[in-house]
Amino acid sequence: MPTIFSRIISGEIPCYKIAEDENYFAFLDINPLAKGHTLVIPKQETDYIFDLDDHTLSGMMVFAKKVALAIEKCVPCKRIGIAVIGLEVPHAHIHLVPLQSVHDINFTNPKLQLSKEEMDALAKQIAAQA
Ligand code: AMP
């Protein structure tokens with residue numbers, strides 16, 4: 001059974017897409033800690049990020065860098081924070097979170113409620129820079 005993220009990659013489940021290449025995919029987190037909170041995933045379906053082979057793992061970081069720089073151009077922030085949790089979805093992913101302070105990357109914070117229109121516009125804006 002494919003993971004929810006594989007179903008997003010295949011287009012079976014909709015997402016607010018940011019970027020894609022042959023091996024990686026990025027889309028907005030639907031429960032964002034901050035405006036522009038994005039997930040970067042490998043297309044290869046592996047649960048634990050540190051089970052990825054070195055090539056896939058390092059390529060994922062390079063892809064995440066490109067996405068982070070695009071987010072920075074669209075969302076006012078001091079920098080983009082990066083986190084790996086992976087306790088909810090068993091498909092390796094990196095969280096990219098725009099930060100004004102360290103508190104913005106506290107995963108116990110209440111999540112933002114953004115409208116579909118806001119998410120859509122934000123994704124398009126970031127995608128245009130990626
Ligand atoms: P974790 O596995 O603990 O890193 O958390 C999984 C993250 O994936 C959470 O921040 C969720 O909000 C996010 N998430 C789960 N389902 C979706 C989805 N369909 N689209 C976008 N983000 C999702």
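Read the numbers this way: they start at 1 and go in the same order the structure lists the ligands and their atoms. Fair warning: this is a prediction, and the values are worked out from it, not measured in the lab.
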According to a hydrophobic-cluster definition based on side-chain heavy atoms being under 4.5 Å apart (Ile, Leu, Val, Met, Phe, Trp, Tyr only), do [X] and [Y] belong together?
| X | Y | result |
| --- | --- | --- |
| Phe50 | Tyr24 | yes |
| Leu87 | Val97 | yes |
| Leu99 | Met61 | no |

Give a table of atom pairs where an N or O of ligand 1 lies under 3.5 Å from a protein N or O.
residue	atom	partner	partner atom	Å
ligand 1	2 (O)	Leu87	N	3.4
ligand 1	2 (O)	Glu88	N	2.9
ligand 1	2 (O)	Val89	N	3.0
ligand 1	2 (O)	His93	NE2	3.1
ligand 1	3 (O)	Leu87	N	3.2
ligand 1	3 (O)	Glu88	N	3.3
ligand 1	4 (O)	Gly86	N	2.9
ligand 1	4 (O)	His93	NE2	2.6
ligand 1	4 (O)	His95	NE2	2.8
ligand 1	10 (O)	Asp29	OD1	3.4
ligand 1	10 (O)	Asp29	OD2	2.5
ligand 1	12 (O)	Asp29	OD1	2.6
ligand 1	12 (O)	Asn31	ND2	3.0
ligand 1	22 (N)	Ile30	N	3.2

Taking all non-hydrogen atoms of both residues, which atom of Pro42 and which atom of Ile9 are closest, and how far apart?
O-CD1, 4.1 Å
In plain terms, say whether Lys43 and Glu22 are close enough for a salt bridge, that is, a side-chain N and a carboxylate O under 4.0 Å apart.
no
Parallel, tilted or perpendicular for His95 and Phe107, by the 30°/60° rule?
perpendicular
